[in-house]
Amino acid sequence: MTENASTAPTNPDGTERVRLAVYHGFARTGRAPGVPETAALTGLAPDRVRQELRTLHARHDLVLDPRDDDRIVMAHPFASVPLGFSVMGARTLWWGGCAWDSFALPHLLKDEPDVLVATRCPACDTPHAWVVGREAPPKGDQVAHFLTPMNRVWDDVVRSCGNQRLFCSTDCVDTWLRETGQERGYVMDLATLWRFAGNWYTGRLDAGYTRRDPAAAGAYFAEVGLHGSFWGLPD
């Protein structure tokens, strides 16, 4: 999930045309376009679309279903499967890929001044919802817990994202860790999560978007107030 924006090419190649079709499809409808729809949107043959999807998967620009590589599971910050969050805009409903991605959506989708992010505490099942916009973080005492260190996220990215969740409190985090036998990851408050999500995907819907290298990602993490080896940063 390391990424950044770069100068847009004037003539996107086939890979970029497919990437843009997937991301704009998610942004517009809340779902991933299938291979036939992507072929129609890009003017590429279905087999070429499949080839480009595999290239994008290898580049970590999207995640394909290992059982059916015609099916897109995630294209951060969008998801086609429920991973604990729903994100409702004025006319569109998205699955949020994780706490981070759910809070990022109003920053990326400029036609949505705010969205309603809803989830349940993994420990006690208490429902939570916040109106998340671009002007200020939502109020609340809830906390986000990230289980997987950033340098291991892509070992199993769906599991990693599925374990970036929002809890009632640190007490609920501790209860969940005890009940699941997991080790504590990284806990942050809502304001930090909102800052973290704010500019991470800037430019993601534009042609020519490329991923941040590790040094640029680390600088971004530090800028928004994260620290420690979990993020590859000093304590």
Side-chain angles (χ1 to χ4, degrees), residues 1 26 29-32 63 65-67 71-109 112 114-133 136-150 152-198 200-201 224-226 228 230-231:
M1 295 164 67
F26 261 125
T29 70
R31 62 175 182 83
V63 181
D65 187 331
R67 298 161 299 183
R71 181 171 180 257
I72 298 164
V73 176
M74 302 184 75
H76 297 101
F78 305 107
S80 64
V81 295
L83 291 169
F85 295 87
S86 62
V87 182
M88 182 178 290
R91 292 172 298 277
T92 307
L93 180 66
W94 297 270
W95 291 124
C98 57
W100 178 6
D101 287 351
S102 298
F103 271 49
L105 279 171
H107 298 277
L108 180 65
L109 301 168
E112 300 282 353
D114 55 43
V115 296
L116 181 68
V117 175
T119 190
R120 291 178 182 267
C121 175
C124 67
D125 211 34
T126 297
H128 296 289
W130 305 265
V131 175
V132 182
K139 296 186 182 302
D141 296 326
Q142 299 89 350
V143 297
H145 176 259
F146 285 43
L147 183 66
T148 307
M150 282 299 103
R152 299 297 302 275
V153 162
W154 284 96
D155 292 355
D156 184 343
V157 68
V158 176
R159 179 180 183 274
S160 298
C161 292
N163 284 287
Q164 295 174 0
R165 299 294 302 274
L166 280 156
F167 292 76
C168 300
S169 64
T170 54
D171 287 344
C172 275
V173 173
D174 291 339
T175 297
W176 181 81
L177 292 172
R178 185 168 58 250
E179 290 178 348
T180 60
Q182 306 283 359
E183 295 188 3
R184 190 183 186 92
Y186 191 94
V187 175
M188 67 184 79
D189 60 18
L190 293 184
T192 302
L193 177 64
W194 181 82
R195 290 195 305 273
F196 182 25
W200 184 252
Y201 294 113
V224 299
L226 305 176
F230 190 95
W231 305 99

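From a predicted model like this one, the values you see are computed outputs, not experimental measurements.
- Residues Ala32 and Ile72 share a closest heavy-atom pair of CB-CB, 3.9 Å.
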Pair Trp154, His76 - check ring-ring contact (aromatic ring centres under 6.0 Å, His included), show working.
CA-CA 12 Å; Trp154 284 96; His76 297 101; 5.6 Å; yes
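- The aromatic rings of Phe78 and Trp94 sit tilted, their planes meeting at an angle between 30° and 60°.
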Evaluate the criterion side-chain contact (heavy atoms from CB on, under 4.5 Å) for residue pair Leu93 and Val87; output intermediate values, then yes/no.
CA-CA 6 Å; Leu93 180 66; Val87 182; 5.9 Å; no
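- Contact detail for Val115 and Pro106: the closest heavy-atom pair is CG2-CD, 3.7 Å.
- At least one side-chain heavy atom of Leu226 sits under 4.5 Å from a side-chain heavy atom of Phe196.
- Checked options Leu190, Val143, Val173; the residue passing with Leu166 is Leu190 (criterion: side-chain contact (heavy atoms from CB on, under 4.5 Å)).
- Between Tyr186 and Phe146, the ring centre distance reaches or exceeds 6.0 Å.
- Residues His145 and Leu177 form a side-chain contact, since some pair of their non-hydrogen atoms from C-beta on lies under 4.5 Å apart.
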Could you walk me through whether Met88 and Val117 pass the side-chain contact (heavy atoms from CB on, under 4.5 Å) check?
CA-CA 7 Å; Met88 182 178 290; Val117 175; over 6 Å; no
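- Glu112 is not listed as a side-chain neighbour of Val132, based on a closest heavy-atom distance of 4.5 Å or more.
- Counting heavy atoms from C-beta on, the side chains of Pro77 and Ser102 never come closer than 4.5 Å.
- A cation-pi contact, defined as under 6.0 Å to the ring centre and within 45° of the axis, is absent between Arg195 and Phe103.
- Sparse packing is recorded around CG of Asp141, with 12 or fewer heavy atoms of other residues, nucleotides or ligands lying under 6.0 Å away.
- Across Cys98 and Gln164, no two heavy atoms sit closer than the pair SG-OE1, 3.0 Å.
- Thr126 contributes no side-chain N or O that, together with a main-chain N or O of Cys121, makes up a donor-acceptor pair within less than 3.5 Å.
- When side chains are defined from C-beta on, Tyr201 does not count as touching Leu105, because their heavy atoms never get closer than 4.5 Å.
- Taking both residues in full, the closest heavy atoms of Gly133 and Trp194 are given as O-NE1, 2.8 Å, listed atom of the first, atom of the second, then distance.
- A donor-acceptor distance shorter than 3.5 angstrom exists from the side chain of Arg165 to the backbone of Arg120, with no hydrogens or angles considered.
- When all heavy atoms of Trp176 and Ala123 are compared, the pair lying nearest together is CB-CB, 4.0 Å.
- The main-chain N or O of Ser160 is never found under 3.5 Å from a side-chain atom of Thr148 such that the two would form a donor-acceptor pair.
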Just do the side-chain contact (heavy atoms from CB on, under 4.5 Å) check on Val73 and Val157 with the steps written out, would you?
CA-CA 10 Å; Val73 176; Val157 68; over 6 Å; no
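- Using a 4.5 Å heavy-atom threshold, the side chains of Thr192 and Val224 count as separate.
- The ring of Trp100 has its center no closer than 6.0 angstrom to the ring center of His107.
- Asn163 CG to Asp156 CG: the interatomic distance, rounded to the nearest 0.5 Å, is 9.5 Å.
- By the 4.5 Å heavy-atom criterion applied to side chains, Gln142 and Trp130 are counted as neighbours.
- Minimum interatomic distance between Glu183 and Leu147 (heavy atoms only, all atoms of both residues): O-CD1, 3.4 Å.
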So Val187 and Phe167, side-chain contact (heavy atoms from CB on, under 4.5 Å) or not? Walk me through it.
CA-CA 10 Å; Val187 175; Phe167 292 76; over 6 Å; no
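- Two residues are said to be in side-chain contact when any heavy atoms from C-beta on lie closer than 4.5 Å; Met74 and Val158 meet this criterion.
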